[in-house]
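Input: a single structure, listed below in structure tokens.
Each chain gets a letter, A, B and so on, in the order its sequence line appears, and its residues count up from 1. Any value given below was found using the heavy atoms of this structure, including those in side chains, with hydrogens, waters and symmetry copies removed.
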Number of protein chains: 2
Amino acid sequence: MNRSAGGITIGQAAAFAGVTIKTVRHYHKLGLVEEPERDSSGYRRYGSDDLLRLVQVRTLAAAGVQLADIGTLLDADAERFAAALSDVEQRLTDRIDDLVARRDTLHRLSDDRALLPDRACAVLDRMPGLGFDPDYVAGQREALVLFRALVPEGFDSFVTQLEHRLDDPEFVDLTQRSWDALSWEPDDPRIAELASALADNLLAKPELLAMPAEFRSQPDTAARYGMVNTHGQEEWPTSARLTALVEDKLRAAGVPVPRQ
Amino acid sequence: MNRSAGGITIGQAAAFAGVTIKTVRHYHKLGLVEEPERDSSGYRRYGSDDLLRLVQVRTLAAAGVQLADIGTLLDADAERFAAALSDVEQRLTDRIDDLVARRDTLHRLSDDRALLPDRACAVLDRMPGLGFDPDYVAGQREALVLFRALVPEGFDSFVTQLEHRLDDPEFVDLTQRSWDALSWEPDDPRIAELASALADNLLAKPELLAMPAEFRSQPDTAARYGMVNTHGQEEWPTSARLTALVEDKLRAAGVPVPRQ
DNA sequence: CGTCCACCTTGACCTCAGGTCAAGGTCAAG
DNA sequence: CTTGACCTTGACCTGAGGTCAAGGTGGACG
């Protein structure tokens, strides 16, 4: 009877304010908008004041203000209101910058799924042309991803090291022979030879040995080094043996190599 | 005993990957990263493969990919991977645009807490200089907010109408007398006079009466009109009477005024 | 040997801004 | 009288983890 006198229903109010019914009730539950009077059927009837408040709340919420903050905000004086707004605005700006950074990361990802920056991808791209086995390249890709996670601050010099190594035909040759060595027996005498040649090659280029010193200054060095170094070696005992021999020779020559 | 052999602990793995322990376990629960072997104490021991996977997941998650999608994504072939990535990138771009729009809204809010666009603020700012009572201006501000929520498509012409009204000294004078009238008795004879003058003034400017025709084409016209019109009048019977008289006169002159 | 501290384990519940479902009451039109 | 659109409440669900509780484990110190 008294149906249309008191005001509009929740559905109309929600539609006018551009929110859902559930959202309006949510605001009631949080105390952001007072519950209006009910009509004889128990329906909420909204007047212009309620609508005004609803619009204010919705506008702030749409701007990204936390619902928990809106109540105090709307009931505060103009000065605190302005201060809080600029605070929220700053947080929004930060979030935008964050999202832009994420998008850029993603954009790099879509060029190559290896989760690596351009320079590292370039190094990997050179490898097949130099005669490296595709599986070896894939392994190096994984090692780079791992290294980047474990030693982000040393990543650039690690890539630089790789670049220099690829410029040295002897090293390229030795590396490819090491890859072939995986199929040898662990006690094959050629392994010791290969280890000697590798160690000599490394010792001839002191700048390549500088990097370990750099990342030795960080904590957890042994764990990180071991992680990168043993990656992919678990099921290849020959590789583990080769690595151990090279490390021994380097240590014998006075180069500090962390033990894992 | 076997403590340090199997790999690193969850805390170290989490630190290396740049996430929390809880996050790593969350990934396990979702099946994104396989649970590694446990040591004799029941601790999870992570190897390089686990770490690699963890870093891949974290990188995608940090780029905003839903965790639920990451599993299929990482196990998919390169083609679908690339397609999905560009999809995610598009969504990120949309979100950024959305946030920028929010920030701009907020920026306008911080200039004036009235939740109104610049043009409407300018109109309100003119009012005190023309001699309007600050309380009246506040009421107009509320009416504008309400109008914008209820009739967004008619808001611009509503503001235009207000601008024209403020340019007419006679209308300004009549409006201010209407404000004073709030303190009169509802049966004060001056009210009828005032209503006549107001109606005559309105009828002399046909362009001001065009707006109601425009927003009469929308549904719920009566409810919206009534909402805006009766806002703030509940506790002022004199105002209601004045409005009713003016509406009667307009209707008598052939102008269609919706009845609420 | 005891004790402390840092780390690990599981499980249950909390967050935010609502969405979804269920079960039923109310109103206007055909 | 039925249909369909609207309203009511309440309980549970979402995503991506965070927080708390209660207890096990390992290493260092005295």
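- The distance between atom CZ of A:R58 and atom C1' of C:dA17, rounded to the nearest whole Å, is 16 Å.
- Comparing A:Q66 and B:E35 by the nucleotide of DNA chain C that holds the closest heavy atom to each, the one mapping nearer the 5' end is B:E35.
- The partner of C:dG24, taking Watson-Crick or G-U wobble pairs whose two distances both stay under 3.5 Å, is D:dC7.
- Here C:dC27 presents its P atom at 18 Å from CD1 of A:I8, a figure rounded to the nearest Å.
- Taking atom CZ on A:R91 and atom P on C:dC16, their separation rounds to 13 Å, with Å as the unit.
- In this structure, B:L30 reaches neither bases nor backbone, as no heavy-atom distance under 4.0 Å exists between it and the strands shown.
- As a whole-Å value, the separation of B:R44 CZ from C:dC8 P is 10 Å.
- Comparing C:dT10, D:dT25, D:dG17 by their closest approach to the side chain of B:Y43 singles out D:dT25.
- Distances shorter than 4.0 Å separate some side-chain N or O of A:S41 from OP1 or OP2 on C:dC27.
- The main-chain N or O of B:L92 is never found under 3.5 Å from a side-chain atom of A:R103 such that the two would form a donor-acceptor pair.
- Of all heavy-atom pairs between A:A84 and A:L73, the closest is CB-CD2, 3.8 Å.
- For C:dA29, the paired nucleotide is D:dT2, the pair qualifying as Watson-Crick or G-U wobble because both relevant distances are below 3.5 Å.
- The distance from atom CG of A:D39 to atom C1' of D:dT8 is 11 Å, rounded to the nearest whole Å.
- B:I21 places its CD1 atom 11 Å from the C1' atom of C:dT9, with the value rounded to the nearest Å.
- The pair B:R53-B:D49 does not count as a salt bridge, with every side-chain nitrogen at least 4.0 angstrom from each carboxylate oxygen.
- Contact check for A:T20 versus A:H26: no side-chain heavy atoms found under the 4.5 Å cut-off.
- Side-chain atoms of B:D50 come within 3.5 Å of backbone N or O of B:G47 as a donor-acceptor pair.
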What's touching nucleotides 10-13 of chain D from the protein side, N or O pairs under 3.5 Å?
unit_1, atom_1, unit_2, atom_2, d
D:dA11, N6, A:K22, NZ, 3.4

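- Rounded to whole angstrom, the span from the CZ atom of A:R45 across to the P atom of C:dC27 amounts to 10 Å.
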